[in-house]
Amino acid sequence: MALQTTVKPREAEEFDLDLVLQVEPISQDPLVLYEQVYRRLADHGAYVQKLERMKRCIRLNYSGEFHLDILPARADRSRGGTAVQVPDRKLEQWMPSNPLGYRDWFEERCTLAVLLKEAMQEPLPSNAPATVKAVLKRAVQLIKRRRDVAFANDEAPRSVVLTTLAARSYSGEPSVSGALLTILKAIVGEIEAAWPERVVIVNPTNPAERFCEAWTTETYDEFTRFIYAFQQEAEALVAARGLAEIGRRLNVMFGEQVGVRAMNEYVTKLTEARNVGALGFTASGLTTRGGANPIPKHTFYGR
Amino acid sequence: MGGSRWRIRTLSIYEQHAYVSSLWPSFVCRASGGLLICIGIVQPLRVTNRYRVRIEYRSTLTPKAWVEDPPLSRRDPDEPIPHTYPPDRPCLFHPRYGEWRPDMRIATTVIPWLLEWLVYYEAWQATGEWRGGGEHPLISTSGSAARDKGDNA
């Protein structure tokens, strides 16, 4: 949904792309629109073998590579703006949605860090990433990747649920780890505040669209266990010391030797600084900040 | 560094002691009987462990450094930690390149070198690769030392 939070699929997983096809339907019947779009796609020889009817969208399967979910939609005149209605095949009715509004809302949440920075009138810490706007997007990617590693089945919490929870809890932290801790703590708080009911997650730009309606008692329990465990892991990760220990934790949390790769990149950057004489020392340790004492050249020796 | 070789003024262990104490408040030093011993807690980077380290220096010899706690550990019992003298004392400089001279301060050379060594040791623990460059006194047919590829000459 153009949120720039796509997570690179892990082995044997596919990219998942969403497309909203907004039209002016001739019929008031949602199923007529759905079938019209389906038939139009099926007319095309290249697509007919790849089509699959889903609950609301039509899936185009490029097996082993990606799938494209095409969501037929019509303008929601009663709500106006970017609000739309989409056919639901099971309920046989129009359901409210607002993907474009959602995207704008998400972008707005992403710029929180930028706005806060301007309000504070002071420079961000030097370790802040170049694109502060990407902090929330990075945090959402981490949450989705942790989900992909934790759930092998279809019981996994939906991306839109995790994204909405993350974006509404984010409060402009300039670092990804800070954002992640804030978000997870806030979700735990929401779960506890809602108990014994469930947390309700709606499209903030169209409260009639409930993202959480697919939850059952079992899948909601799975979701809460996932969040509780993830929060503890994230706290422990941030507190961890030692590159090997941090790498091990990252490997467990995010899979595919991510920790090893992260440590490699970290050391590469540090070594680049060292090679140009930008790594110095103070009484508290090594640093790449200016004004530190230079370290004379030396050659590690021995076996 | 460009001073004439025959004019370098060797720093006494008392001068070394004073420099370490002023630059590294976390170190405790004792100089007696011609031997300087400095023990301190260091944390090379915010993300690395804290270590208790020990430096010993007798002015006619080269300074030596040990990591005392947590003890250094191998990835594999048969694979020694890179850039160490047996059993596991970090090798911080090349003995024949004049990188250490007795007119230098331990506080601004050996200690930051040890901090760098600890970072690359931790990175090696995490990835299996030594990324800090350096040389090995390998026995080779040409008799020349092998130079690590890559990051640092």
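Values in this document were obtained by computation on a predicted structure and should not be read as measured data. Residue numbers start from 1 in every chain, and the chains themselves are labelled A, B, ... in the order their sequence lines are given, proteins ahead of strands.
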Legend entry - Nearest-0.5 Å distance, OG1 of residue B:T127 to CD of residue A:Q257: 11.0 Å
Inset, instruction - State whether the number of non-hydrogen atoms from other residues, nucleotides or ligands found under 6.0 Å of B:R74 atom CZ is greater than 12. - result: yes
Inset, instruction - Step through it carefully: locate the ring centre of A:F300, locate the ring centre of B:W113, and say whether they are under 6.0 Å apart. - result: no
Legend entry - Heavy-atom contact with chain B under 4.5 Å, split by part of A:N264: both
Inset, instruction - Write down the atom of A:R303, the atom of B:H136, and the distance for their closest heavy-atom approach. - result: C-ND1, 3.1 Å
Legend entry - Test item: A:R274 side-chain N/O and B:G132 main-chain N/O as donor-acceptor pair under 3.5 Å: yes
Inset, instruction - Can you tell which part of B:E116 gets under 4.5 Å to a heavy atom of chain A, answering side chain, backbone, both or neither? - result: both
Legend entry - Max heavy-atom pair count under 4.5 Å with chain A, selected residue of B:P86, B:P70, B:G128, B:G40: B:P86
Legend entry - Pairs of heavy atoms under 4.5 Å with chain A: top-ranked of B:I81, B:V42, B:T108: B:T108
Legend entry - Leading residue by heavy atom contact count with chain B [cutoff under 4.5 Å; candidates A:T287, A:V267, A:N251]: A:V267
Inset, instruction - Could you tell me whether a side-chain N or O of B:H94 sits under 3.5 Å from a main-chain N or O of A:T299, the two making a donor and an acceptor? - result: no
Inset, instruction - Answer with side chain, backbone, both or neither: which region of B:P90 has an atom nearer than 4.5 Å to a non-hydrogen atom of chain A? - result: neither
Inset, instruction - Please check if the side chain of B:R131 supplies one atom and the backbone of A:T271 the other of a donor-acceptor pair under 3.5 Å. - result: no
Inset, instruction - Determine whether more than 12 heavy atoms belonging to other residues, nucleotides or ligands lie under 6.0 Å from atom CD of A:Q232. - result: no
Inset, instruction - For B:H83 and A:G302, work out which heavy atoms get closest and say how close. - result: ND1-O, 3.8 Å
Inset, instruction - Kindly check if the number of other-residue, nucleotide or ligand heavy atoms within 6.0 Å of CD (A:E108) is above 12? - result: no
Legend entry - A:F281 and B:W24 aromatic centres sub-6.0 Å: yes
Inset, instruction - Looking only at non-hydrogen atoms, find the nearest pair between B:T109 and A:P296 and report the distance. - result: CG2-CG, 3.7 Å
Legend entry - Proximal component of B:V47, with respect to chain A [non-hydrogen, under 4.5 Å]: both
Inset, instruction - Examine whether an atom of A:L286 lies under 4.5 Å from a heavy atom of chain B, and if so say whether it belongs to the side chain, the backbone or both; otherwise answer neither. - result: both
Inset, instruction - Could you tell me whether the side chain of B:E135 and the main chain of A:Y301 form a donor-acceptor pair under 3.5 Å? - result: no
